[in-house]
Protein chains: 2
Amino acid sequence: MAEPIVDDFTHTTHGDTASHTDPANIPQHGQHQAHGFDVHPWQLCWRGKDIGMIGRTESLFALSNGHIGLRGTFEEGEPVDQPGTYLNGFYEQRDLPYAESGYGYPEAGQTVVNVTDGKIIRLLVEDEPMDLRYGRTVDHERVLDFRTGTLRRNTLWTSPTGRTVRIQSERLVSFTKRTIVAIRYEVEPIGEDMKLVLQSDLLANEPVPAQGNDPRLAAALDNPLISDLADCEDYSAVLVHHTKRSALTMAAAMDHELQIPANADTFIRADGDLARMTVAATVPQGTKLVLTKYLAYGWSARRSVPALRSQVEAALAMAGETGWDALKAEQAAYLDEFWHDADIELEGDPELQQAVRFSLFHVLQAGARGQSRSIPAKGLTGVGYDGHTFWDTESFVLPMLTYTLPAAAGEELRWRHSMLDQARARAAELGQEGAMFPWRTINGDECSGYWPAGTAGVHVSADIANATGRYLRATGDEAFEIECGVELLVEIARFFAGFGHHDGSGRFRIDGVTGPDEYTAIINNNVFTNLAAQQALRDAVVSVARQPAVANQLGVTEEEASHWTHCADDMTIPYDQNLGVHQQCEAFTLLDRWDFERSKDKYPLLLNYPYFDLYRKQVVKQADLVFALYLFGDHFTAEQKKANFDYYYPITVRDSSLSACCEAVTAAEVGYLDLSYDLLSESVFTDLHDLHNNVSSGLHIAALAGAWTDCVAGFGGMRDFGGMITFAPRLPRKLSYLSFRMVMRESRIVVAIDPEKATYRLLSGPPIELAHHGQRFTLSDAPVTLPIDAIHVGEPPAAPEGCEPYARG
Amino acid sequence: MAEPIVDDFTHTTHGDTASHTDPANIPQHGQHQAHGFDVHPWQLCWRGKDIGMIGRTESLFALSNGHIGLRGTFEEGEPVDQPGTYLNGFYEQRDLPYAESGYGYPEAGQTVVNVTDGKIIRLLVEDEPMDLRYGRTVDHERVLDFRTGTLRRNTLWTSPTGRTVRIQSERLVSFTKRTIVAIRYEVEPIGEDMKLVLQSDLLANEPVPAQGNDPRLAAALDNPLISDLADCEDYSAVLVHHTKRSALTMAAAMDHELQIPANADTFIRADGDLARMTVAATVPQGTKLVLTKYLAYGWSARRSVPALRSQVEAALAMAGETGWDALKAEQAAYLDEFWHDADIELEGDPELQQAVRFSLFHVLQAGARGQSRSIPAKGLTGVGYDGHTFWDTESFVLPMLTYTLPAAAGEELRWRHSMLDQARARAAELGQEGAMFPWRTINGDECSGYWPAGTAGVHVSADIANATGRYLRATGDEAFEIECGVELLVEIARFFAGFGHHDGSGRFRIDGVTGPDEYTAIINNNVFTNLAAQQALRDAVVSVARQPAVANQLGVTEEEASHWTHCADDMTIPYDQNLGVHQQCEAFTLLDRWDFERSKDKYPLLLNYPYFDLYRKQVVKQADLVFALYLFGDHFTAEQKKANFDYYYPITVRDSSLSACCEAVTAAEVGYLDLSYDLLSESVFTDLHDLHNNVSSGLHIAALAGAWTDCVAGFGGMRDFGGMITFAPRLPRKLSYLSFRMVMRESRIVVAIDPEKATYRLLSGPPIELAHHGQRFTLSDAPVTLPIDAIHVGEPPAAPEGCEPYARG
């Protein structure tokens with residue numbers, strides 16, 4: 001395992017020095033709190049008793065390894081908002097209805113399924129079920145620990161009939177054994193002997209609350225699972241189910257270790273949708289009932305019921321053989337290594353420090369072990385967006401993973417590669433060449449039910465190509481390139497070369513698309529899309545030249561590759577000469593300006609105004625051209641960046657959580673450092689402060705990954721145009737220090753920034769060429785410290801009325 | 001009543017001279033037939049026995065007065081495709097579903113209801129029900145007579161058990177008494193005495209075949225009527241029902257006159273969904289059983305069950321008092337008057353003559369007596385388009401009615417006026433000023449479930465304004481202007497003035513709309529829309545100046561009217577300088593060209609290609625800019641018209657029945673007379689030859705009205721810019737003669753055209769200023785004959801592959 005995060009370059013002075021694997025290491029009352037959470041650099045601790053907040057905490061305290069996800073519900077099952085146990089890629093199909101149907105509209109949607117719930121351990125205290133809605137909660141603490149990778153809980157509760165018990169639990173979804181979940185649950189009677197009953201369940205087809213009318217929330221699924229098998233023996237049980245329409249099969253199994261009084265009764269049953277181990281005992285005061293529960297999940301579209309049963313039983317055997325302590329130790333070691341490569345330290349804002357680590361931790365949870373599966377927009381933390389994966393993954397999440405956990409980025413792109421046949425079929429259905437990736441999907445098929453904001457968003461294919469190109473430059477992963485990369489790049493280049501066309505004056509146009517800004521749709525020559533396509537075409541040319549054998553197998557001729565270069569060279573990039581700014585899309589700057597005064601208390605606009613009016617006006621849902629200024633920054637001069645930011649920021653309403661983090665990067669680049677700080681805060685507190693009022697349906701993984709981007713590309717000024725890593729660090733006034741870590745091929749570096757200088761240090765690996773504010777240097781064993789010049793720019797432009805960036809405190 | 005159509009100016013030599021009210025006047029076998037119909041100048045006669053054609057004939061033989069519509073089903077009820085009895089404005093509501101919902105999407109759709117069927121008269125011949133699917137049909141003729149306004153039938157049928165009967169029937173939906181239907185039904189036993197039973201029904205909730213795939217639609221229309229009342233007495237009965245969700249109430253009543261043997265039994269019953277009068281008699285050979293059935297319909301959203309019952313019983317009393325012969329005489333007289341004002345005669349193509357009169361007759365049926373109701377796209381002939389009204393009415397149907405039956409045009413616009421409150425509410429909902437009329441509706445509320453091809457088609461409001469302006473210029477109807485016209489024009493001008501905006505260089509733009517071409521959507525500055533809006537703004541200015549008191553009441557200030565003038569003056573009309581053609585919308589000529597070779601056998605394109613691909617390419621569903629060349633022809637030079645036609649005709653696929661008739665007019669204007677002839681044929685045979693393979697769901701009223709437009713505005717070159725009527729007649733080679741009639745204010749004229757000259761004649765009314773190929777003249781009592789110069793233009797451009805205009809024979 002890797003060296004601990006507290007290496008000799010660790011700068012922070014407020015890192016706690018207690019063992020971070022001690023479950024009792026919970027912050028004390030009276031510590032600084034913000035928005036209900038104790039401020040702590042490595043933990044998220046909640047002591048609230050407000051039942052109305054449970055939906056929010058279930059998402060924030062979700063555990064996942066990218067393969068299995070558990071919402072942060074109480075072991076006792078209730079109170080609950082969304083019970084939430086999710087398996088990556090396990091979905092049910094449903095009809096997509098249309099008032100007026102059209103050719104090529106997807107007929108089937110996909111919705112993530114809440115599968116068999118294994119985290120339930122119900123408790124009966126004498127004759128009262130433990131339920132926080134009743135009796136009196138004396139003390140209640142829940143801690144998500146970013147270094148142990150566990151969720152701990154400590155509850156002192158007095159039942160309505162006056163019995164008091166202390167409940168401690170800790171659980172983990174293993175990063176090292178990705179099919180395994182483990183839970184330790186302890187109950188201690190206080191002040192008297194007590195009869196206690198524990199019921200440890202596997203429960204399928206739990207009631208799930210309806211999702212309401214908001215299209216972003218999942219369609220409610222009524223009893224999605226059909227029982228195939230239920231069996232039990234000793235302390236273990238297994239349930240196997242399948243879905244009705246998507247025909248996926250899943251197995252869930254549990255096993256237990258018990259520390260119980262000798263006189264305790266235990267029995268087990270399994271039948272249909274419920275398996276249950278019951279422990280009934282009279283527990284003397286001063287002793288505890290301790291139950292350790294191991295869960296294993298397996299699912300497949302192809303494997304049989306006996307095969308899946310065997311798979312989960314084998315996984316359980318491995319978990320039991322490993323044991324609770326070793327599973328915990330492996331978990332902590334895995335995280336030590338992650339933080340070594342990915343940690344961001346900052347000074348001047350302890351709550352921001354906590355929020356940034358919370359963000360990185362959840363991005364890790366979403367992407368760590370999704371091997372051969374996707375990284376959904378909500379990770380595995382909730383049913384929002386039906387559990388679908390969008391362009392968020394390649395454009396927001398992979399940039400972080402590529403430089404912190406590159407293997408995970410590669411695995412995600414392998415998942416996209418595995419969907420190439422569907423993407424080719426979709427392109428053919430829509431009359432196009434090459435491959436068109438779906439706007440939203442679980443299984444690889446398009447399930448967007450509104451094509452102007454779905455299928456028309458063809459940039460998703462360019463985003464995948466761009467992520468592929470970035471990954472290849474950052475890692476040099478030749479096996480990936482041969483097996484997947486070339487084909488991804490070729491098929492996407494083929495799509496764009498055929499989809500665009502040269503007009504009469506020789507410009508290459510891409511018409512009839514929707515860019516990132518979903519308040520402007522079905523337009524021509526969106527700058528973002530065109531630059532992304534241009535990059536995709538150029539990367540394909542590079543990759544086929546590097547891998548001629550693969551290219552040959554794919555039938556790529558010199559003429560074809562040369563045509564891609566022509567398309568890229570001739571790309572249309574609309575610019576308004578009068579205003580001296582780029583046009584987000586052709587004619588954009590000629591449109592009527594949105595009346596922001598009128599709408600100042602009506603955000604998000606899409607719930608209060610029709611697309612009919614939004615589309616035809618200058619109002620931007622989320623960074624679009626401004627995102628292009630960052631991603632394709634080498635196509636713009638510094639003056640253009642500032643002029644464009646000054647033009648577009650005041651008309652961008654940030655109705656998408658994908659906006660603030662993009663704006664923050666360009667704000668920092670053009671010198672609006674304090675504005676950048678506010679925008680970073682808006683992105684990073686999206687979920688912790690529930691800024692979009694929908695955290696209960698899952699976390700915004702892309703916005704959380706934006707925290708990394710804003711620190712590294714924003715204040716660090718990191719860019720990777722053409723494979724050369726460059727920095728242009730500069731801090732906002734509120735931060736006195738910022739450091740971040742990156743992995744590039746074999747090299748690991750730390751960049752430490754303070755207001756006057758930045759220090760670059762090689763942690764491991766060969767020397768690496770870098771640049772600091774345009775000054776190139778080679779970083780080898782000796783740290784390099786370079787000065788940061790102060791800059792003076794004017795006041796930043798004002799945000800639209802009612803859209804001021806999140807002002808904390 | 002008016003003078004007969006055979007006036008002293010009648011030119012045609014093949015008009016039949018037999019009494020056109022003689023029901024036996026059926027063309028003889030061996031006469032020239034085309035597409036299954038006998039060719040006859042004043043009748044449509046079908047002798048076919050192919051049961052597979054009944055859906056088509058039900059639509060073609062539909063009778064209507066614009067208030068009530070009956071499909072041309074057999075009296076015996078079966079075989080039947082769609083039974084079809086429709087009341088204008090009587091609909092049921094249903095949910096409109098969306099895969100992803102959005103603000104401002106209509107939640108409720110409206111669907112025309114097949115109401116209580118009163119045209120059923122079942123016949124039992126001894127022990128066999130009369131049914132053309134069984135036994136042997138010896139002779140079978142059905143005749144729709146354009147001068148008697150009746151549908152006649154003459155069937156000689158031998159039952160499976162060998163009995164032969166002759167059945168003759170005739171029915172009418174009265175133009176003079178709009179709530180009345182009358183049917184005469186006669187049965188004569190041939191060769192032997194026979195026991196016959198007649199069952200004359202009112203039948204509600206008939207089984208109706210499913211329409212498409214939407215289960216919601218089927219649910220809404222499954223037993224849509226709920227019984228409120230059923231009663232009978234003597235030979236008469238009444239049923240009252242209401243709809244579940246739209247809460248409309250309807251009453252249907254029947255009464256009978258019988259010529260039956262003295263020994264006949266008659267009895268009557270009424271209960272729930274069925275009222276039935278039964279006649280059972282032994283009928284001696286050489287005699288007939290004759291039943292005359294009167295039907296009355298009444299419906300309302302507000303009137304009570306007793307009020308509606310009284311209404312239909314009173315109407316029946318009036319019908320009975322009038323009697324069959326007088327009803328028929330009134331019907332014929334009404335049609336004499338219509339043909340006097342509206343007839344078109346032509347020589348050189350007898351089938352076209354028949355088809356043109358068929359077209360005019362059905363447009364009359366759709367619009368004659370819809371007072372205070374709409375003219376749906378299918379009239380009252382079928383359930384196509386759910387029975388909705390679109391822009392077809394104002395842009396295609398009203399131009400004909402305005403100059404042939406102006407009162408009907410005024411009534412339709414009064415219906416639009418009655419929906420102003422809903423149109424204002426819709427504008428407010430969408431954040432707009434003034435009034436926005438629905439894209440498709442029955443009750444005035446928008447029910448388009450796909451806004452890019454619905455709500456975005458804002459030209460529908462301009463079309464209504466333009467029809468209002470045209471009607472006012474043609475009629476000088478001041479009462480209408482004061483009561484409705486000014487307010488319609490003001491509210492629509494307010495919409496466009498607020499909806500468009502002046503850009504930085506002072507041009508007035510209308511962005512984010514869809515023009516007539518539904519293969520190009522959500523675009524900027526559609527020429528058609530902008531010119532229509534410009535006309536609407538100017539007409540509003542004229543009307544408020546003419547009616548200052550009304551304008552004052554509506555709060556129109558001088559500033560407001562002056563702003564409308566500015567908006568109109570500054571209107572953006574995109575033009576491609578390089579190509580020397582107008583752009584259908586901004587940037588249109590820069591788009592990729594559709595691959596017509598690839599799609600040559602895949603029409604209509606919308607069933608084989610996604611909007612995603614259609615929208616972003618140069619492919620036009622239906623005349624859009626080319627329609628503007630006609631409607632707003634004073635904005636284009638002759639050279640521009642030719643250049644634009646040459647550019648747009650080869651990329652217009654005519655997937656809409658609204659296309660050919662528009663293209664025909666401009667083709668004629670630019671000199672492509674033979675092409676114009678083919679396009680006219682395509683429009684006028686849309687239904688008779690079932691060119692879109694969907695005539696069974698109803699006639700295409702707009703395409704039929706296009707027959708008038710193509711003769712009058714195409715070959716006659718009639719234009720009415722600014723209130724001055726001008727002509728530029730010129731015939732295609734296939735026609736040796738064409739005459740048409742028009743009503744303008746108090747004047748009625750005939751224009752008779754042959755290849756070398758045109759003769760203008762005033763039929764009645766004051767002298768009128770006209771122009772012939774640019775030469776102004778005053779037409780008073782003396783006919784004016786003016787020469788027509790031959791023109792020589794090159795070959796017309798080719799249509800897209802697979803889209804050649806309809807080549808007959």
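Naming convention: chains lettered A, B, ... in sequence-line order (proteins, then strands); numbering from 1 in each chain. The figures here come from the full heavy-atom set of this structure, side chains too, leaving out hydrogens, waters and symmetry mates. The structure presented is a predicted model; accordingly, all values stated were derived computationally and were not measured.
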Legend entry - Which portion of Leu606(B) sits near chain A, non-hydrogen atoms under 4.5 angstrom: backbone

Inset, instruction - Take the angle between the ring planes of Tyr103(A) and Tyr609(B) and call it parallel below 30°, perpendicular above 60°, tilted in between. - result: tilted

Legend entry - Minimum heavy-atom distance Asn526(A)-Gly515(A), with the two atoms named: OD1-CA, 3.5 Å

Legend entry - 4.5 Å side-chain heavy-atom contact, Val620(B) and Val653(B): no

Inset, instruction - Considering only heavy atoms, give the residues of residues 571-587 of chain A separated from chain B by less than 4.5 Å, sorted numerically, with 'none' for an empty result. - result: Glu586(A), Ala587(A)

Legend entry - Shortest non-hydrogen contact from Cys447(B) toward Thr441(B): SG-CA, 3.9 Å

Inset, instruction - Quick one: closest heavy-atom pair of Gln618(A) and Phe596(A), and the distance? - result: O-CZ, 3.9 Å

Legend entry - Within residues 610-622 of chain A or reaching into it, pairs that qualify as salt bridge (charged side-chain N to carboxylate O under 4.0 Å, His left out) - sequence neighbours excluded: Glu518(A)-Lys621(A), Arg598(A)-Asp613(A), Asp613(A)-Arg616(A), Asp613(A)-Lys617(A)

Legend entry - Leu607(B), part contacting chain A, at a heavy-atom distance under 4.5 Å: backbone

Inset, instruction - Identify which one of Lys378(B), Arg440(B), Gln110(B), Arg94(B) satisfies the side-chain hydrogen bond (donor to acceptor under 3.5 Å, both in side chains) criterion when paired with Asp386(B). - result: Arg94(B)

Inset, instruction - Side chain from CB out, backbone as N, CA, C, O: work out which of these in Asp592(A) comes under 4.5 Å of a heavy atom of chain B, or both, or neither. - result: both

Inset, instruction - Would you kindly say whether Asp655(B) and Tyr603(B) are connected by a side-chain donor-acceptor distance under 3.5 Å? - result: no

Inset, instruction - Specify which of Ile523(B), Thr589(B), Leu591(B) makes the most heavy-atom pairs with chain A at under 4.5 Å. - result: Leu591(B)

Inset, instruction - Flag the one option from Leu96(A), Asn608(A), Leu614(A), Ile522(A) with the top tally of heavy-atom pairs under 4.5 Å to chain B. - result: Asn608(A)

Inset, instruction - Anything in residues 502-513 of chain A with a heavy-atom distance to chain B below 4.5 Å? Please list those residues in order. - result: Asp503(A), Arg509(A), Asp511(A), Gly512(A)

Inset, instruction - Just jot down the salt bridge (charged side-chain N to carboxylate O under 4.0 Å, His left out) partners of Lys600(B), sequence neighbours excluded, or say none. - result: Glu597(B)

Inset, instruction - For the residue pair Val460(A) and Phe390(A), establish whether any side-chain heavy-atom pair is separated by less than 4.5 Å. - result: no

Inset, instruction - Would you check if the distance from the ring center of Phe499(B) to the ring center of Phe612(A) is below 6.0 Å? - result: yes

Inset, instruction - Indicate the ring-plane relationship of Tyr615(A) and Trp451(B), choosing parallel, tilted or perpendicular according to the 30° and 60° boundaries. - result: tilted

